[in-house]
Colleague: 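The structure's right below; bear with me while I get my questions together.
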Amino acid sequence: MTVSERIRQIIRVLPTAIVLWIGSHMLFGFITRKPPFWSSKEALAELAWNGAIFVPLMIFILVLSVKKYQSEETK
């Protein structure tokens, strides 16, 4: 797999990872009755810190899922 194919895969799954990141943050904030992340600078900083960890991990998981799905599809 070339670098351009890997970058293409990352770009393809990036919106999904971002939606899962924001959605999970909002859902768990709702469950724990925390104020929304846009209500304060501290909450935005927490969101950014969580995103620095969550988004690359989610991209890795999604790329592996896509690769596994494609390999099962070609069998």
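Note that this is a predicted model, so its numbers are computed, not measured.
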Colleague: For residues 13-28, which residue pairs qualify under side chain to side chain donor-acceptor pair (under 3.5 Å), counting only residues two or more places apart or in two chains?
Modeller: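 Passing the test, one end in residues 13-28: no pairs.
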
Colleague: Hey, can you pull the donor-acceptor pairs under 3.5 Å for the side chains in residues 50-65, sequence neighbours left out?
Modeller:
from: N50; atom 1: ND2; to: E46; atom 2: O; distance (Å): 3.3
from: S65; atom 1: OG; to: I61; atom 2: O; distance (Å): 2.8

Colleague: How would you list, by chain and number, every residue that makes a side chain to side chain contact (heavy atoms under 4.5 Å, CB included) with I7, sequence neighbours excluded?
Modeller: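 If we apply the side chain to side chain contact (heavy atoms under 4.5 Å, CB included) test to I7, skipping adjacent residues, the hits are V3, I11.
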
Colleague: Go through the structure and list residues passing side chain to side chain contact (heavy atoms under 4.5 Å, CB included) with E42, not counting sequence neighbours.
Modeller: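 E42 satisfies side chain to side chain contact (heavy atoms under 4.5 Å, CB included) with S40 only.
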
Colleague: With sequence neighbours left out, write down each residue that passes side chain to side chain contact (heavy atoms under 4.5 Å, CB included) with V66, or none if nothing qualifies.
Modeller: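 Side chain to side chain contact (heavy atoms under 4.5 Å, CB included) check on V66 returns R12, V13, Q70.
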
Colleague: Does I31 sit in a hydrophobic cluster with other residues, and if so which ones, taking ILVMFWY side chains as linked at heavy-atom separations under 4.5 Å, directly or through other members?
Modeller: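 Answer for I31: L27, F28.
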
Colleague: List for me each residue that meets side-chain hydrogen bond (donor to acceptor under 3.5 Å, both in side chains) alongside T2, sequence neighbours excluded, and say none if there are none.
Modeller: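 Here the qualifying residues are S4.
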
Colleague: Which residues pass the side chain to side chain contact (heavy atoms under 4.5 Å, CB included) test with P36, sequence neighbours left out?
Modeller: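 Per chain and number, P36 pairs via side chain to side chain contact (heavy atoms under 4.5 Å, CB included) with W38, S39.
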
Colleague: Applying salt bridge (charged side-chain N to carboxylate O under 4.0 Å, His left out) as the test, list every pair that has at least one member in residues 57-67; sequence neighbours left out.
Modeller: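 Checked against salt bridge (charged side-chain N to carboxylate O under 4.0 Å, His left out) - neighbours excluded - no pair reaches residues 57-67.
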
